[in-house]
Number of protein chains: 2
Amino acid sequence: MTPRTGTEDGHVPVPADPRHHVADPRARLRAAGLRVTAPRQAVLGVLGEHPHSTAEAVASAVRSRLGSVSTQAVYDVLAACVDAGLVRRIEPAGSAARYETRTGDNHHHVVCRSCGATADVDCVVGEPPCLTPSDAGGFVVDEAEVVFWGTCPSCHAARVGLAGPTTARRPVTQHESHHHEERRT
Amino acid sequence: MTPRTGTEDGHVPVPADPRHHVADPRARLRAAGLRVTAPRQAVLGVLGEHPHSTAEAVASAVRSRLGSVSTQAVYDVLAACVDAGLVRRIEPAGSAARYETRTGDNHHHVVCRSCGATADVDCVVGEPPCLTPSDAGGFVVDEAEVVFWGTCPSCHAARVGLAGPTTARRPVTQHESHHHEERRT
DNA sequence: CACCGAGACTGGAACGAGTCAAGAAAAGGA
DNA sequence: TCCTTTTCTTGACTCGTTCCAGTCTCGGTG
C-alpha cells in the first residue's frame, strides 16, 4: 500500500458510488448496530481511501484527521468493525495485518514480495474453484483464501531497469519479506 | 528492508525429490551443501514426524532429543533449511509460522479455525488453476498460495456434540489450544 | 434536556514471535 | 592434525498486538 502523505480532504461527500461500499461511514456503522464515534468514522473513511492499510498506517492517517487517537482505539475499532463484518482483515505472511472495507465478496489478493504492495484480485476463474479441495482430510472447509505472490509493476520496473543504486525505496517490509522462491515462471 | 541488489541471492536450489522428506536427514543436509550437525538432523527429524510444527514446538521436541538447544539455534537451522529448500515455511494468519519438510510440490493447506490443526491438501483441481488470476492488476505473479479454513474432524465433532451444526462462521483467531496437531492426507 | 449506564477511548505495561550482535564451539578440508 | 569457516549460545532488543484499569461519551430514557 502506498501511504501517501497528503491525507485526504476532511469529509467524503458520498461520491454516489455503485454500492454502499464506499457509503457514508456513519450509515454503515448504524446499520451494523455500532455506535457512531469520530474514531470509527475516521477509520472507515481512511480504509475506504486506502485499502489494505496496516493498523499503524490507519492509526496515523486517522490521527492526521482527528488530532490524537490512541493506538489502542484504532485496534479496538478495527476489531469491532471486523466483528461486525464492516471490515475484513488479511494477514499476508511476513507483514502486519492489513484491513479493507470490501467485504462480502470473497476476493483474493496479490502481494508484492519486495514492497508489500497489495491489490485485489477478483475470484479466480469466475466461480470459486478453489473452494473445493480434492481432499480436505476430513476437514469441513468453509473458506478458501488465496494469496498470489509476485512483483508489483513499479518494483518490477525498478528491477528490470536496475543497476540503479540503492535509492531509498519504500522499505515497507521490515520483517523478512524475502522468501526467495522463484522457480515456476 | 528491501531485498536490494543481490546480497544473499543466488542460492542453489536443491533438486527437489519428492521422497526427500522421508530420507535420512544427514543425506539431505549433505545434498543441500549444509553442514551436518546434531541440531540440524534433529530439526529435520522432528519435522518429518510432526509436519506443520511451529518453531517453538520444534525447539522443544529437539530439546527432548538432544538435551539443550537454544531457541536461536532452532531459528537459524530452520532459516538455513528454508533457504536451502529443505524446509518450507507457512504462516497461517493468526498463528506462528509453521514448518514442513514437504517441498517442491506446491501443495496447499487446510487450517482448523478453532484448534489450528493443519493438514496438507494436494493441489486443487489436479493442476494449479489458481496460478492464473484473471487480472493481477499488473503484478507479475509467480506463486499462488491457498489456505483453506474450516474445522478439523475432532473440533467439528466436539462442536456438533454440544451445539447446533456449524452455522456460526466467526473469526476464531484467539490463541489456539496447544499441541493439537496434524493428520496427513 | 439533563441523567445515566453500557460501551468507547486513553495510557501504559506486558507479551509472543522473531531478529541482531558478539563471542565460544565445532565441522571438515588441507 | 591444524586452521578456517560455519554454526551454536547468550542475551538484549524490535515489532505488532493485546491486556488492564481508569476516564470519557454516545444515545436511549425520564
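Chain letters run A, B, ... following the sequence lines, proteins first, then strands; residues in each count from 1.
Judged by distance alone, with hydrogens and angles left aside, the side-chain atoms of B:E91 form a donor-acceptor pair with the main-chain N or O of A:G94 at under 3.5 Å. Side-chain N or O atoms of A:S114 include none that pairs as donor or acceptor with a backbone N or O of A:C112 at under 3.5 Å.
At a threshold of 4.0 angstrom between heavy atoms, the contacts of B:S68 are confined to the sugar-phosphate backbone, with no base atom among them. Within the nucleic acid shown, A:S70 comes within 4.0 Å of at least one base atom, counting heavy atoms only. At a threshold of 4.0 angstrom between heavy atoms, the contacts of A:A80 with the nucleic acid are absent.
Closest to the B:R35 side chain, of the nucleotides D:dT7, D:dT18, C:dG7, is D:dT7. Here the nucleotide nearest the side chain of A:A96, chosen from D:dG27, D:dC8, D:dT17, is D:dT17. When the nucleotides C:dC9, C:dA26, C:dA17 are ranked by their closest atom to the side chain of A:P39, C:dC9 comes out on top. In the set C:dT10, D:dC26, D:dT7, the nucleotide with an atom closest to the side chain of B:L34 is D:dT7. For A:A55, counting side-chain heavy atoms from C-beta on, the closest listed nucleotide (D:dT17, C:dG28, D:dT7) is D:dT17.
The CD1 atom of B:I90 sits 8.0 Å away from atom CG of B:D120, with the distance rounded to the nearest 0.5 Å.
One interatomic measurement links the two molecules: CD of A:Q41 to P of D:dT25, which rounds to 15 Å at whole-angstrom precision. We find that CG of B:L29 is positioned 13 Å from P of C:dA27, with the value rounded to whole Å. Rounded to an integer number of Å, the gap from A:D83 CG to D:dT18 P is 11 Å. With rounding to whole Å, B:L78 atom CG is found 14 Å from C:dT19 atom C1'. Atom CG of B:D76 is separated from atom P of C:dG23 by 17 Å (rounded to the nearest Å). Per the geometry, CZ belonging to B:R40 stands 6 Å off C1' belonging to D:dT7, to the nearest Å.
Residue A:T37 places at least one side-chain N or O under 4.0 Å from the OP1 or OP2 atom of C:dC9. Checking the phosphate oxygens (OP1, OP2) of C:dG18, a side-chain nitrogen or oxygen of B:Y75 falls inside 4.0 Å.
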Take A:D105 and A:R102 through the salt bridge (charged side-chain N to carboxylate O under 4.0 Å, His left out) test and state the conclusion after the steps.
CA-CA 7 Å; A:D105 63 333; A:R102 189 149 283 177; 5.3 Å; no
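The nearest heavy atom of DNA chain D to A:Q72 and to A:E56 marks one nucleotide each, and the one closer to the 5' end goes with A:E56. Nearer to the 5' terminus of DNA chain C, by closest-nucleotide assignment, is the contact made by B:A97 (compared with the other of B:R30 and B:A97).
Using a cut-off of 4.0 Å between Lys/Arg side-chain N and Asp/Glu carboxylate O, A:E100 and A:R98 are scored as not salt-bridged.
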